[in-house]
Amino acid sequence: MNGFADRTLDEGAFGEKKGFSEGLRTFDAFPKTKPTYTRRSSTGGYTTLLLILISTILSFTELRRWYSGRETHLFSVEKGVSHELQINLDVVIPMLCSDLNINVQDASGDRILAGDLLTKDATNWRLWVERANTLERQGKDLAKEQEEDTHVGHVLGHGREKRRFKKTPRLGRGMPGTSCRVYGSLEGNKVQGDFHITARGHGYMEFGQHLDHSAFNFSHIINELSFGPLYPSLLNPLDKTYATTGANFYKYQYYLSVVPTIYTRTPSPKTPSAISPSNMLSTSSDTIITNQYAVTSQSHDVNERSVPGIFFKFDIEPILLTIREERGGLLALCVRVVNVVSGILVGGGWCYQLAGWGRDVLGGRKKGEKGGMGMLHGGNGAIEEEEE
Amino acid sequence: MPAKSRFTRLDAFTKTVEDARIRTTSGGIVTIASLLIVFYLVWGEWSDYRRVTVHPELIVDKGRGERMEIHLNVSFPRIPCELLTLDVMDVSGEQQTGVKDGLSKVQLAPVSQGGLPISVSSLNLHGEESASHLDPDYCGNCYGAIAPPTAIKTGCCNTCEEVREAYASVSWAFGRGENVEQCEREHYSEKLDAQRGQGCRIEGGFRVNKVIGNFHIAPGRSFSNGAMHVHDLNNYLDTPDGNPHTFTHHIHHLRFGPQVPESVTQRLGAKNAMPWTNHHLNPLDQTEQLTDDPAFNYMYFVKVVSTSYLPLGWQGKNGAFGGQDDALLNDLLPVGSHGRGEDGSLETHQYSVTSHKRSLSGGSDSQEGHKERLHAKGGIPGVFFSYDISPMKVINREERTKTFAGFLTGVCAVIGGTLTVAAAIDRGVYEGATRIKKLHQR
């Protein structure tokens, strides 16, 4: 570089001044060789073509990598004072709707009468069992789907889908509505809590309410259980799972750890300082604020003195997970591409020259050796050549 | 000569003989443009090299036997200082009732008079009118209660304060101190009534074990009755002038551990403008809750996450991974100096919080549109903070994104890359121009 610069300066000092373009000309750090002095070879041409091909391929992969972005996981402590947490539920239980009690009891001492908020539809167990069986067959797909749902692009795609519960399938003839589908969303306090479905007259003190023990059957199919805004197509660990029992006094317990999660594509999206379900939905389509959860389940027979039912015990984790898909700047991409291309050009040029040199050296030695051989074994040389 | 010629062939920087060179205007333009680009990119590299970023890491908190400092500054405009007590309880069974060390209560003028502070009286300077002027042989009656161990004279209750202490220790309600000789002498009830309209600000810090627990600010002296924690609510609920006390409060400040300095928060904030970054912020600061119901309970569910902040020059001598020795040492330090390393490292805590409020009479949340939400009945009016410790720990480490060698590499790459590409462009332009010239000539 320095050599070039010096020379341009020298020429600028000594060269004749012929206007602006002449002056500019002196700055040319890339002096071209006069065509008469350059020699073109076919190998050189092929090499150039090859180098161009390679650099195109590499630039293309670079571009693709930039386009697909990269996912960063960021952990932080949730900001703002939170109040509420939306719970979405869609469960089918082979008991009459009127026999079910659905409540949330939480650490703040509140009891939420979830039964009043959720929709209860009489349905038939068989309608859902068939579906559940197909679910079982899809077990592997489920795992795959769950894996996919950890990626931002996928999740954001789901976010654009309809946010409504599916309708209850109509009861066919000869299908009594002996089961109950409970679905809907409710807002609980964002504290440790226990969401439970129990039988009427068991667990809560209600006067004159007692249900015959033989009616108990806490088998269940969970179609949806999620926290935060409802995105039905997002697959949570308990979605599309089921558990069946023949016993009347049976207790299912699920222990959930809820982790607030943000999927985002924008580098600095605007989020409400206090994250509450109502304004969570109003955020842009590039950001989804939801909650993931980890779950362990446990179920066992209970004696007649205990309360049978389905219990979801949830706790909220303080650490918020942000999964961000980001793309580097366009400028950085340009620099990278330029570096790749120039690196290939320079390196390729070098290799070409090196190859030429090697050929010369080897060729020279061969010639020399041959000559030597010829000199040493003058008589044999001719024979050998003949053999070749 | 042959040896030399071999290596000259290896020359990557073939020079063209001066006569064989052509300089063109387009070449000049390309050169200048590429130089400008090079300068711009090198500048970018430089600023990248100079930049200090904060890199958050998440680890499992391995400290043990640690203690945590809670600093608070809360105003209660509708309750006099005399009535407020702060108690700490945790799962280890430790109870600190009526915390006084490190806390000070500031009397605030009534709301109607602006609510400005009147005077600072540190909590432990409580009974100003001590019994010193009394006969040295005087031994006050404890009215059937057992004299507190802290009494000036063993076995006696010489001051109103001591009688109240004695009553609390046997779980008796004390009330206004009527018919108690000591209190009448000290004009306890008159003083109490004089303070009725006043407010109170509690400020300061105290230490707790780093386990699940709660601290609350509730009216009246607290005492433990078996497994029950009871507050003497008589003075709180009996208001003679019909102007009830309420737990309207304003949290000016609540933090667990030392405050991250302003300069640092600014640096963190500048880079991470997102609301959910590790930018240290206390979510409860400047929270205000108003109520007119004396029997009202506020709960804050706080989840505490240990956070350490390691500046650029951090050597790892102490702090972030400190064991029990540090914890013991820290206990000897005065409140407020906890968690500060000599090299500028900080051991503090962030928290997330959920607030909840209910009336002690129970009822539903129907006026807020949640008629299905039934509140629990009973309890103590007050402000409760129940804290839970997260097993995770955030380490914010200041880092340079690039080393000096990395910077040099970057600069070389930028210069080399740009110039090579520029040369290629220039060559293309030149070749194109000559082709066109040839075409014209034909």
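Every chain is numbered from 1 and lettered A, B, ... according to where its sequence line falls, protein lines coming before strand lines.
Chosen from A:V341, A:I112, A:V346, A:L345, the residue pairing most often with chain B at heavy-atom distances under 4.5 Å is A:I112. By number of non-hydrogen pairs under 4.5 angstrom with chain B, the leading residue of A:N103, A:D116, A:V191 is A:V191. For the set A:V340, A:L186, A:N189, A:L331, the entry with the most heavy-atom pairs within less than 4.5 Å of chain B is A:N189.
Residue B:V305 touches chain A through its side chain alone, counting heavy-atom pairs closer than 4.5 Å. In this structure, chain A has a heavy atom under 4.5 Å from the side chain of B:S34, while its backbone stays farther away. Looking at A:A107, the atoms closer than 4.5 Å to chain B (heavy atoms on both sides) sit in the backbone and in the side chain alike. Contact of B:R373 with chain A is made through backbone and side chain together, with heavy-atom distances under 4.5 Å. Contacts between B:E431 and chain A at a heavy-atom distance below 4.5 Å involve the side chain alone, from C-beta outward. The contact between B:A424 and chain A is made entirely by side chain atoms (from C-beta outward), counting heavy-atom distances below 4.5 Å.
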Stepwise side chain to side chain contact (heavy atoms under 4.5 Å, CB included) check, A:I319 with B:S390: CA-CA 8 Å; A:I319 290 184; B:S390 162; 4.3 Å; yes
Given the rule in the side chain to side chain contact (heavy atoms under 4.5 Å, CB included) test, do B:S355 and A:H83 qualify, once you have shown the distances and angles that lead to the verdict? CA-CA 6 Å; B:S355 80; A:H83 301 277; 2.8 Å; yes
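Interatomic distance, CD1 of A:I316 versus CZ of B:F301, reported as 11.0 Å (0.5 Å rounding). The CZ atom of A:F75 lies 11.5 Å from the CD atom of B:E57; values are rounded to the nearest 0.5 Å.
For A:D315, the side chain to side chain contact (heavy atoms under 4.5 Å, CB included) criterion is met by A:Q192, B:K303, not counting sequence neighbours.
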Listed pairs under 3.5 Å, donor-acceptor, residues 374-389 of chain B side chains, sequence neighbours left out:
unit_1	atom_1	unit_2	atom_2	d
B:H375	ND1	A:D110	OD1	2.6
B:H375	ND1	A:D110	OD2	3.1
B:H375	NE2	B:D365	OD1	3.2

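The two residues A:S108 and B:R358 have their closest heavy-atom pair at O-NE, 4.0 Å. Minimum heavy-atom separation, B:G417 to A:N339: CA-OD1, 3.9 Å. Between B:T420 and A:S342, the closest heavy-atom pair is CB-CB, 3.4 Å.
At distances below 3.5 Å, at least one donor-acceptor pair connects side-chain atoms of B:T354 with backbone N or O atoms of A:K190.
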